[in-house]
Every structure is written in structure tokens, then in C-alpha cells.
Amino acid sequence: MNEKPLLPRVITFSGPKEGVGKTSIALNAALAWSNYQKRNVLIVPLDPSCASDQAAFLDIKNPPSISEIIKLTGRESLSSLGSLLKGKIPLSQWGVGVLPLAGKRSDIARMAPDLILPIFSKLSQNFDIFIDVDSYFPMQVFAFDISDNVFWVTNPNVANINSTSQMFREINNLHFSTGKFDIVVNFFDFPGAVTPKELEKIFKQMNKQILAFMPWEDNLAVCSNQNKILITEHPNSQWIKMLRVILGKIDETEPIQKQWTTNISAQEFSHGSDMLWRPLERENSQAIGKQGSTGQRADKTEVSPFWEDLKVRLHTDVVAALELERIKISEDTKENEEVKKKVDSIINNLLQKEKDIKLTRDQRIKFIDELLDEILGLGPLEEIMRNPDVTEIMVNSPDRVFIEKAGKLILTKHRFRDNDQVMQVIKRIVAPLGKRIDESVPLVDARLKDGSRVNAIIPPLAVSGPTLTIRRFSAKPFTDEQLIKKGSITANAVQFLKACVKLRKDIIVSGGTGTGKTTFLNMLSGYIPEDERIITVEDTAELRLQQEHWVRLESRPPNIEGKGEVSIRDLVKNCLRMRPDRIIVGEVRSSEALDMLQAMNTGHEGSLATIHANTPRDALTRLEAMCLMAGADLPIWALREMIASAVHIVIQLTRFSDGTRKITAISEITGREENQILTHDLFKYKQTGIDRNGKVEGIFQAVGEPPKFFKDFKTSGIDMPVDLFWTDAQKMERSRQ
């Protein structure tokens, strides 16, 4: 054999069933390898039921088990295992030791990969590790995860071959590289066996070649019954001569740089030791392979330098395969899941053909997931979209992807390949909505299936390249209890606003960008009675009302010829003919303000809307300006009279430096005096400082006077205590009296 630097190897011997002879092959190969390479070998049997078999052959009395080592050292001492293990592993005269996983099945319940792998890591410094594992889940998958090479030992009978075929499909689905699996047919010349020629044909259909045909050996059975090892008793037998093929393959194997990680969780490891690899476990194991025990395996996986080039090349091949097989991407979730499985299989098969590409299973899973996201989803953004804590995604350039999380902007590790990939994602978003984006239409507003708001702008308007912004909304709208818990509002203020909605008061929600206006409007809409007809008007449909009697209207931009536009104003006018009890305008931003005010003043009380402004006073001023955009030749006093008569409450939202969003004012419109609209604060938030952690501190409390329409609550049968609007000082004064 060629001399080369001896790097630690982890070699696994497994098969489709028990009794195929893999233990004999592992044992004899270990002795031969130790003798040829002058390096100690440690056999690790992962099945507790045969933990003592190898020790008996090697004449090792009471070898320690991994579970015993863990009990002696304790979890806290795993980092110093090197010195603790030194001299503790007894070796046979041939330089081969044995380290069972445990002496009995009950001990495995206390085991976990994060306990075993540090031991393997330390042992590999002094041993090559040969793992003997039967077809049990999850032990088999655990061994495959950390192995440099796997010798799949099978007998030449139909049952074993069928099991092998089925299990190799599952191995493929788990994204193991089949290149590290070598087929060994043991006892190929046994009477009645499937012929070697037929076996080669069968395995060729699995894209595998048979590495070695091991002959029947009478002396092997004799040695087994006498606890002797064939290679020491009959080193020149035909079976041992064929074993040299396996040794040559071990020698050719280039050990990978091991991370000593596995996708098997501690729970699966401890509870799966006695489970056969049945279909149920196989289905579960696919999920394991995708996310691992923490759900963050892909994040920790290092990528290779050729990663992006390979992705571009395979992307083209996958698209060609999809066209050839006439597979279409569907908007239907169930159909899309089926497509995803087919594309996953196509990518996996293409990867298996890349013989020169060496990827670990973690890398294969990450690669396939990324390519799936790129072909079927939003590319690098898919992983971010799966995180419910992310409220906004901002793509400034291919290598500058920001997110908003807990109110803070964070630069992520996610990257696009180039501007073209960003453009592909933008087009994938807008195409299903019947919209387009190109140089003639370089900006677009859209929404995703989950309701997220999307804005995209591209060159020549975006000088720095395609820019994408995605505003995400919670899958379930925030409730008042959640907002109270977050400190955004107090229970007293919620009680008041809930009563105002039921009293059919017209409410404007004011705030800057990203202050939570839509979220708060959604919460307010939840107080509208079920027996009322609600019509919402929005630029991009974002509201998620819980009532059944709800009609959604969405504006439409002009087409490329400048025709077909349906504005918010057109929709507001139209909804007046739809017999609404309540009109909700997602955002008032133009001339529709005048029509909305007219609706509020002509029998459509209880309407809700949002507006961009920094204070309640600014909101009213902006409302005036937008009414003037309608071109109506109204005197300013008439316009202000209309506003004062139509709008009852303005709620102000503010986003603070620590990312929190709070209600900073609830103001009542009390009328008009000459040319001035009169307002009266009912509740006010006052910031008092910032704590050591940078969190904003402040007080939200009533100002001291109830609203002018306070008597309306009693008239409508709504119980509203007047002390809800008192200050703390007023309450103390009243208590003294």
C-alpha cells in the first residue's frame, strides 16, 4: 500500500439486517488495518445486545463502555477527556480495542450525541474508529453522519437486496452522499444465492457498483464458534484475500475534517435505540435531517469555495429537468409541497453524479435547502421569512441584507449572489399578482401570500441597484392583552377605546413609518360587532379582520399604457354604494381624505383610518392638506368644520429609540373655534428616561378630564367609570375626601 500521512479515520460497517456478517468483516478488517498501518484501532459496537461479542474474540475482559466513562467523568469533565481516557482503553495483543456504547439498553436512555461525540473526538487522536452498527434508527444514521466511509454488507438473497434497495432510497432522501457507501456482498457463492451478474445489474440500477464479493468460508463459522478470529487462524484463506479489497478502500479513503456533529437529537437517540428503521421513523428522520436537534444546523455549516458556482450550474440543470418532466410550480400549498419533494430529489440525484465534489451531509442538506429556496422561494430570504420574530426585511444590495427584530435594525449574514438574483426574487414576488417590474415600470408595491407588504425599486431609479423592502405582519393579529403586556398601552386606555368603537366614534390612528399603525388598527377593528358589515379599502391588502361579514377592496395601479388605474378614492366612493356599516381605510394619503370625511358625516359613523403624522395636531393639518388635493373649492373654515365634525378621536403612535412602540397620546376633537380645530388630550405618555439596558422608561396616564361625549356612554348602556380619566393626584384627592 502507498504510504501517506495517517489521519484519523472513522469507518462504519452496517447493512440491511442482522446476521449478514458485518461484525466478522469489521473485526478481521480492524486486525489487518492495525497490523498494516501500525496504528491502534478501536471497534465501537452501537448495539447493546451484542456489546460483548467483539471483546470475547479479542480476549478483552470487561471492557469499559461509553456510558460508564460518562458516569465516571461527568458531563462537566468532557473537555478534559484526553488525560482521563489515557490508558483506560484495554487493547488486545493485535492493537485492537473495543468500546461498547453501553452494557445494557437501559443505559442508552441516559446517552446523547453531545456526550458521545466529545469522547469520539478525543479517541480519534490515538485510534482509528471502526463502528459496527445494525439497521436500527437512530444509531445507523448517527454513525453515517460521522463516518468517512461506510461498508454496506449484505447477503446475496432477495430479502437483503430488497431491504438494501429500500434503505438506500431513504439514505438518498436523508441527503447522504452515496459515494461514501461501498457494497460488500458476503457469502456470494452460497447455494441458491442470486448470481453475481444479476447482483451487479440490480446494484447498477441503484447507481452503485459492488466493491467486493466475499466467498463462503467454512473456517469462519468454526472460528466464530471458538471465539477465534479468521485472520489470525487462516490468514491465507480466500475470504481474507478478498478482505484486502476492503483494506485498500480504507487506505484510499481521504478522512474529512470532522466537526463531530450529527443531525440526531438527544431525545431521538435515547428513545430510538430499540426501534427498527421502519417507515414511520424514516419519515421522521427526513425532518431530522432538515433541521437537526436545534433547528439551526444549517447556520453552523461551513460552505466550500465552489459553492455558488455549483449552485448556478445545478440551478440550470434543475430548471431543465423541471421543463423536461413538465413539473410546474403551483401557488397551492399542498401541490407545492409535492413539487418541492420532486425538486429535492432532482437536486440530490444531480449532486450524486458530482463525483469530484466532496460535501458532508450537513453541507449537502444546506446546499439543497438553499437551491430549493432559490428555485421555489425567495432565495436567501426564505430562512429569514421562517423566523416569526423578524418584522421587516431590507435588501439594500446583494451583500447588505438588514432585518428589523425587536425594533432594532440588524445586518444579517445572508447574501445574494449578485443583482440578477435580487431581480429574480423581486419578479417571483410580483409575477403571481399580475404585476411587472422592469425599466419601464421600475417600482412596485405588492404583497406576499402571508400578507407581508413588499416594495421594490430598481435602476434607473435605484442607483445602488435593486432594492427590496418587506414589511411582515404577525400570523395572528396582536390582541389588546399582548399590547398591554408589551407596555404599548394601558388597560384603562384599551377599555376606553373599546367603548369608543362600540359607540361608533370615528377614529384616526396617526404615526410615523413602522410605528405599528396597521397593527393597532387591526386590534381596534376586533371590537366591531359581528352583525355589522365592514368594508376595508387599502393600497395593499394587509388588514386581517376576524369578523365574517367583511369585504376587502384593494386599489390597482395603472398598466404600462397608463390605463386601468383604480385609486383609493375610487374605492371609497364605490364602497358607499355597498351598504357599509363601517368603512376602514388602511391609509389615507391623498384626495380620498375628502370622500372619507364626507362618509363620516353622512351616516357612516364608526369609521377607522390611519394617517402618517408625528402628532395629533400634525395629523389634522395633514388631513386638511389631503382634502385640498381633491380640488374641491372649499373655504378653509368649511373644511375644518367638516374635520371637527367627522373625526372624534386621534390616537398617536410613536417608535422609540429602543425599538418599542407605544401609544403616546389619545386626543379628542372637541370642535372648532374660528379657524382653529380644538383638541383635548385624554391620555398622554411622558418619557422619564432610559435605563441601563437602553430601554425607554416613562408613564402613560390620563390627563384628568373625561371626553366631551362622556354622557353618550351611559345613553348607549356602556359602563364607563369617570375615574378612568383621572390623574393619580385626582384619585388621591378624592380618596381623602
Side-chain angles (χ1 to χ4, degrees), residues 11-30 43-58 65-66 98-108 111 130-144 147 150-171 174 176 181-188 190 192-194 199 203 210-217 220-225 227 229-230 239 243 246 264 268-269 271-282 285:
I11 306 297
T12 287
F13 297 83
S14 190
K17 295 178 183 292
E18 296 180 37
V20 293
K22 61 175 177 50
T23 298
S24 296
I25 293 176
L27 189 61
N28 283 274
I43 299 175
V44 180
L46 291 185
D47 184 1
S49 63
C50 60
S52 59
D53 291 2
Q54 291 90 344
F57 281 105
L58 295 169
S65 68
I66 293 176
V98 62
L99 184 66
L101 185 62
K104 49 188 178 180
R105 287 187 184 275
S106 59
D107 286 342
I108 293 185
M111 306 284 277
F130 283 20
I131 297 176
D132 183 354
V133 59
D134 282 317
S135 53
Y136 292 96
F137 177 86
M139 303 304 178
Q140 205 173 36
V141 178
F142 169 76
F144 296 166
S147 296
V150 178
F151 291 102
W152 188 268
V153 182
T154 183
N155 293 147
N157 57 55
V158 173
N160 277 293
I161 293 167
N162 287 342
S163 293
T164 293
S165 177
Q166 185 177 4
M167 294 175 83
F168 261 72
R169 284 196 295 271
E170 301 305 331
I171 288 168
L174 285 169
F176 285 106
F181 288 78
D182 285 299
I183 308 297
V184 176
V185 178
N186 199 21
F187 308 145
F188 79 92
F190 194 78
V194 179
L199 286 171
F203 280 102
I210 298 172
L211 175 72
F213 287 96
M214 308 293 289
W216 172 257
E217 180 64 61
L220 189 61
V222 174
C223 289
S224 295
N225 290 329
N227 279 345
I229 305 173
L230 185 65
W239 195 89
L243 187 69
I246 295 174
I264 299 297
E268 288 153 345
F269 197 91
H271 293 289
S273 60
D274 59 345
M275 294 182 185
L276 285 171
W277 197 345
R278 297 189 297 264
L280 176 63
E281 279 72 48
R282 293 191 194 116
S285 64

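Pairing each heavy atom of G15 with each of S135, the nearest pair is O-CB, 3.5 Å. For K22 against S14, the heavy-atom pair with the smallest separation is CD-CA, 3.6 Å. Heavy atoms only, all atoms of each residue included: S163 and P16 are closest at CB-CB, 3.6 Å.
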Going through the checks in order, is the side chain to side chain contact (heavy atoms under 4.5 Å, CB included) test met by V44 and I66? CA-CA 9 Å; V44 180; I66 293 176; 4.3 Å; yes
Let me see the working for V153 and M214 under side chain to side chain contact (heavy atoms under 4.5 Å, CB included), right down to the final yes or no. CA-CA 10 Å; V153 182; M214 308 293 289; over 6 Å; no
With side chain to side chain contact (heavy atoms under 4.5 Å, CB included) as the test, would you mind laying out the steps for V98 and F57 before giving the verdict? CA-CA 10 Å; V98 62; F57 281 105; over 6 Å; no
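With N225 contributing its side chain and A221 its backbone, the two residues share a donor-acceptor pair below 3.5 Å. One N or O on the side chain of N186 and one on the backbone of V20 form a donor-acceptor pair closer than 3.5 Å.
For A159, the side chain to side chain contact (heavy atoms under 4.5 Å, CB included) criterion is met by K17, N157, not counting sequence neighbours. Scored by the side chain to side chain contact (heavy atoms under 4.5 Å, CB included) test, L230 finds N28, E217, N219, L220, C223, H234, S237, W239, I240 as partners (sequence neighbours excluded). Under the side-chain hydrogen bond (donor to acceptor under 3.5 Å, both in side chains) criterion, S224 pairs with no residue at all, not counting sequence neighbours. Applying the ring-ring contact (aromatic ring centres under 6.0 Å, His included) test to F176 and every residue at least two apart in sequence or in another chain returns F144. Checked against side chain to side chain contact (heavy atoms under 4.5 Å, CB included), A29 has the following partners two or more places apart in sequence or in another chain: F13, F130, L243, L247. Applying the side-chain hydrogen bond (donor to acceptor under 3.5 Å, both in side chains) criterion to T12, with sequence neighbours excluded, gives S147. By the side-chain hydrogen bond (donor to acceptor under 3.5 Å, both in side chains) test, N155 pairs with no residue at all, sequence neighbours left out. Looking at residues two or more places apart in sequence or on another chain, you find no ring-ring contact (aromatic ring centres under 6.0 Å, His included) involving F203. By the ring-ring contact (aromatic ring centres under 6.0 Å, His included) test, F188 pairs with F213, sequence neighbours left out.
The line from CD1 of I183 to CG of L199 is 10.5 Å long, rounded to the nearest 0.5 Å. Rounded to the nearest 0.5 Å, atoms CG (D132) and CG (L101) are 12.0 Å apart. Here the CH2-CG distance, from W152 to N160, works out to 10.0 Å after rounding to the nearest 0.5 Å. One finds the CG atom of D134 at 11.0 Å from the CE atom of M139 (value rounded to the nearest 0.5 Å). Between the OG1 atom of T164 and the CZ atom of R169 there is a distance of 11.0 Å, given to the nearest 0.5 Å.
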